[in-house]
Amino acid sequence: MFEIKYRDNGSNARAGELKLYHNSVKTPVFMPVGTNGVVKTFFPKELYEMDIEIILSNSYHIYLRPGMDVIKKANGLHKFSAWNRNILTDSGGFQVFSLSKIVKIKNDGVEFRSHIDGSKHFLTPGDVVEIQKTIGSDIMMVLDHCTPPNISYEKAKEALDTTTRWASLSRDYYKNNIDTNRQRQFGIVQGNFFKDLRERSANELINLDFDGYAIGGLSVGETKDVFNDIISFTAPILPVDKPRYLMGVGTPEYILTSVEAGIDMFDCVFPTRIARNASVLTKYGRLNMRNEKYKFDESPVDESCGCYVCKNFSKSYIRHLFKANEISASRLASYHNIYFMKSFMDRVRESIISSNFAEFKREFLSSYLVNGS
RNA sequence: GGGAAGAUUGCCGAGUGGUUAAAGGCGACAGACUGUAAAUCUGUUGACAUACGUCUACGGGGGUUCAAAUCCCUCUCUUCCCA
């Protein structure tokens with residue numbers, strides 16, 4: 001299922017290929033996020049033309065709306081959304097964290113109120129696997145308990161115990177009810193910012209023999225140093241021959257750090273969200289297309305970018321679309337940002353293959369960090 | 001010709017004697033965004049000054065008052081109604 005093709009000499013970085021039900025995925029990979037069954041502003045064909053091989057969707061959101069009856073009738077999310085490549089679905093574990101005001105952690109699952117209509121729901125780890133079975137996820141994530149920074153060791157340990165218990169229940173349900181050749185399942189390492197808990201979490205999950213391992217609970221507000229410390233500790237203790245997925249990350253600089261630590265997969269709302277808020281990613285860092293300085297700027301967003309947007313439109317025009325609140329502004333910026341991330345990941349992969357990852361990283365950052373970012 | 005209402009800081013628009021450089025909205029300027037309750041959110045927006053502050057401001061002019069965007073007189077303009 002997962003094959004490592006190249007390893008970097010000076011770091012834990014690796015380039016591989018992940019064979020999933022719909023198609024194979026070259027790693028390291030960035031997965032665009034399509035929470036509601038759509039990568040916001042995109043048609044599937046626009047993602048195909050960029051060679052996007054896998055996107056992420058969200059069980060929690062799909063379960064609440066449109067609801068599993070609709071997905072079942074449509075024969076799964078792929079058909080429903082006209083996306084015929086891979087889908088990884090998050091479990092809703094992150095919503096346990098981000099919607100914590102309306103979510104209660106119980107021993108055997110989560111109780112929550114719908115953020116849409118306030119209705120009460122309860123889901124066990126097995127229910128979440130079942131939801132992802134109906135969705136038809138190529139990779140399903142286990143239900144986990146994601147925690148914020150600055151909680152006590154005791155709280156972190158408690159959340160970790162919950163995560164492990166749920167992981168075990170999820171794995172059992174998966175093995176008994178799922179076509180394991182068609183749908184894969186990843187566990188999620190938690191443990192907050194305590195290394196011994198991270199290690200313990202990793203070992204407990206490894207015992208359950210997942211198809212891949214994710215690291216959760218990072219990039220939730222901690223400093224870059226803390227992030228670096230935890231990722232460089234946690235990634236290498238995960239099985240070398242299984243895909244490693246860092247959830248919710250990220251920006252190019254965080255991805256470089258993480259690839260170096262041995263991470264293969266990423267997802268993040270960042271490029272699409274900031275695009276809708278007028279920020280574009282370029283060789284020279286992030287630019288805010290609303291800024292007055294682009295009013296008469298006839299140059300493309302990024303001279304070195306080969307995307308449709310950069311080949312056809314000026315900063316001045318894109319600024320105008322944002323100022324005029326035109327929906328195409330979001331579309332153009334999103335298209336460019338996803339293209340940027342894809343081509344960035346391609347270059348990361350190539351640099352690993354040609355054994356100059358370290359040099360690529362240094363060179364990329366020397367330009368990218370010019371504008372801060 | 002007669003009658004009525006009104007003119008507020010880039011725009012719209014609150015405010016009817018003193019906590020008013022003046023609500024709120026829009027616009028403008030800038031910032032944030034990391035497993036998406038986000039086409040969202042935050043800040044600034046009279047001038048000068050890093051700042052303490054100092055000026056100039058509610059159509060023009062003139063009054064009343066310790067104090068006026070708010071009261072009085074007058075002029076100019078705008079809108080509406082009746083002829």
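Just so it is clear: chains get the letters A, B, ... in the order the sequence lines come, proteins before strands, and each one is counted from 1.
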Exercise. Between A4(B) and C52(B), how far is it from one P atom to the other, in whole Å?
Worked result: 50 Å
Exercise. Checking only heavy atoms, does the side chain of Thr272(A) share a donor-acceptor pair with the base of U36(B) at less than 3.5 Å?
Worked result: yes
For this session: Could you work out the separation of A47(B) and A23(B) based on their P atoms and round it to a whole Å?
Result: 15 Å
For this session: Could you measure between the two C1' atoms, the one in U54(B) and the one in G63(B), and give it in whole Å?
Result: 28 Å
Exercise. Can you find an N or O donor on one side and an acceptor on the other, under 3.5 Å apart, linking the side chain of Arg273(A) with the base of A38(B)?
Worked result: yes
For this session: Name the residue closer to the 5' end of RNA chain B, choosing between Gln95(A) and Glu326(A) according to the nucleotide with the nearest heavy atom.
Result: Gln95(A)
Seminar exercise, completed: Atom CD1 of Ile255(A) and atom C1' of U34(B) are separated, to the nearest Å, by 9 Å
Exercise. When all nucleic acid strands are considered with a 4.0 Å heavy-atom cut-off, which category describes Asn36(A): base, sugar-phosphate, or nothing?
Worked result: nothing
For this session: May I ask you to say what Leu99(A) touches in the nucleic acid, namely base, sugar-phosphate or nothing, with a heavy-atom cut-off under 4.0 Å?
Result: base
Seminar exercise, completed: Answer for the Watson-Crick or wobble partner of U44(B), both distances under 3.5 Å, is A28(B)
Exercise. Which is true for Thr41(A) with a 4.0 Å heavy-atom rule: it touches a base, it touches only sugar-phosphate, or it touches nothing?
Worked result: nothing
Exercise. For Ile327(A), which contact category applies under a 4.0 Å heavy-atom criterion: base, sugar-phosphate, or nothing?
Worked result: base
Exercise. For Gly217(A), which contact category applies under a 4.0 Å heavy-atom criterion: base, sugar-phosphate, or nothing?
Worked result: base
Problem set entry | Earlier contact from the 5' end, RNA chain B, for Asn277(A) and Ser91(A) | Ser91(A)
Problem set entry | Cation-aromatic face contact Arg182(A)/Tyr21(A), 6.0 Å, 45 degrees | yes
Seminar exercise, completed: When rounded to whole Å, the CZ to P distance for the pair Phe30(A) and U34(B) reads 13 Å
For this session: Remember a base hit wins even if backbone is also touched, and classify Leu88(A) as base, sugar-phosphate or nothing at under 4.0 Å, heavy atoms.
Result: nothing
